[in-house]
Amino acid sequence: MSKKLPKDVKPATGTSSQQQFFKDVWDVVMQVPRGRVTTYGAIAAYLGSKMSARMVGWAMNAAHTQHHVPAQRVVNRMGMLSGKAHFGTPTRMQELLEADGVTVKDDRVLNFTTLFWDPAKELEL
DNA sequence: TTACTGACGCCTT
DNA sequence: AAAGGCGCCAGTA
């Protein structure tokens, strides 16, 4: 308890902290209901680091080898399947989303605004 | 060792 | 209105 950090700012550099960030991201993504989608920024904001939306993407990449995380339910703020290239096959992400009942057209989630699942709102604590 | 890129998003021009 | 730049953190060259 030596230093007092701002309430909405977590210790970024602290060895295990960054790994905790990844784990936290996975936890949120795994809570995304089937048929819904969320965004990197929404997760980052929910974790208290909205500026680090990029790191959420890296967390997903790591999640691919760690746990079964429905990364296909995570898209960018425009509803585009920006991470489709990391699903082994170019169509894997779309197929997984359609399997969840989400319609994808031209690498974009249809009715994205309606299907958008915000952890800070749906999961609001 | 430094520099650049990258599953993003917001601000400025 | 649209386009570009900057910031975040980590991994890789």
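This is a predicted model, so every value here is computed, not measured. Chain letters run A, B, ... following the sequence lines, proteins first and then strands; every chain starts at 1.
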Is there side-chain contact between A/Leu97 and A/Gln72, with heavy atoms separated by less than 4.5 Å?
yes

Pairs involving residues 57-83 of chain A, ordered by first then second residue, that meet salt bridge (charged side-chain N to carboxylate O under 4.0 Å, His left out) (sequence neighbours left out):
A/Arg73-A/Asp100

Please give me every residue in residues 107-114 of chain A whose heavy atoms get under 4.0 Å of an atom in DNA chain B, ordered by residue number.
none

Taking every heavy atom of A/Met93 against every heavy atom of A/Val75, the minimum-distance pair comes out as CE-CG1, 4.0 Å

Looking only at heavy atoms, which two atoms of A/Phe21 and A/Ser52 are closest? And how far apart?
CZ-O, 4.5 Å

Anything under 3.5 Å between a donor and an acceptor, one on a side chain of residues 35-43 of chain A, the other on a protein residue two or more places apart or in another chain? List them.
unit_1  : atom_1 : unit_2   : atom_2 : d
A/Arg36 : NH1    : A/Thr114 : O      : 3.0
A/Thr38 : OG1    : A/Trp117 : O      : 2.9
A/Thr39 : OG1    : A/Ala42  : N      : 3.1
A/Tyr40 : OH     : A/Val74  : O      : 3.4

By ring pair (Phe, Tyr, Trp, His ring centres under 6.0 Å), A/Trp58 pairs with (sequence neighbours left out) none

Below 3.5 Å between N/O atoms, which protein atoms pair up with nucleotides 6-9 of chain B? Just atom names and distances, please.
unit_1 : atom_1 : unit_2  : atom_2 : d
B/dG6  : N7     : A/Arg54 : NH2    : 3.3
B/dG6  : O6     : A/Arg54 : NH1    : 2.8
B/dG6  : N2     : A/Trp58 : NE1    : 2.5
B/dG6  : N3     : A/Trp58 : NE1    : 3.3
B/dA7  : OP1    : A/His86 : NE2    : 3.0
B/dA7  : N7     : A/Gly57 : O      : 2.2
B/dA7  : N7     : A/Asn61 : N      : 3.0
B/dA7  : N6     : A/Met60 : O      : 2.8
B/dA7  : N6     : A/Asn61 : N      : 3.1
B/dA7  : N3     : A/Gly83 : O      : 3.4
B/dC8  : N4     : A/Arg54 : NE     : 3.4
B/dC8  : N4     : A/Arg54 : NH2    : 3.0
B/dG9  : OP1    : A/Gly41 : N      : 3.3
B/dG9  : OP1    : A/Arg77 : N      : 3.0
B/dG9  : OP2    : A/Arg77 : N      : 2.7

Plane angle bin for A/Phe116 and A/Phe112 - parallel if under 30°, tilted between 30 and 60°, otherwise perpendicular
tilted

Can you name the residues that form a side-chain hydrogen bond (donor to acceptor under 3.5 Å, both in side chains) with A/Asp27, not counting sequence neighbours?
A/Gln31

Distance, C1' atom - from C/dC8 to B/dT1, rounded to whole angstrom
23 Å

Taking the C1' atom in each of B/dA7 and C/dA3, what is the distance between them to the nearest angstrom?
23 Å

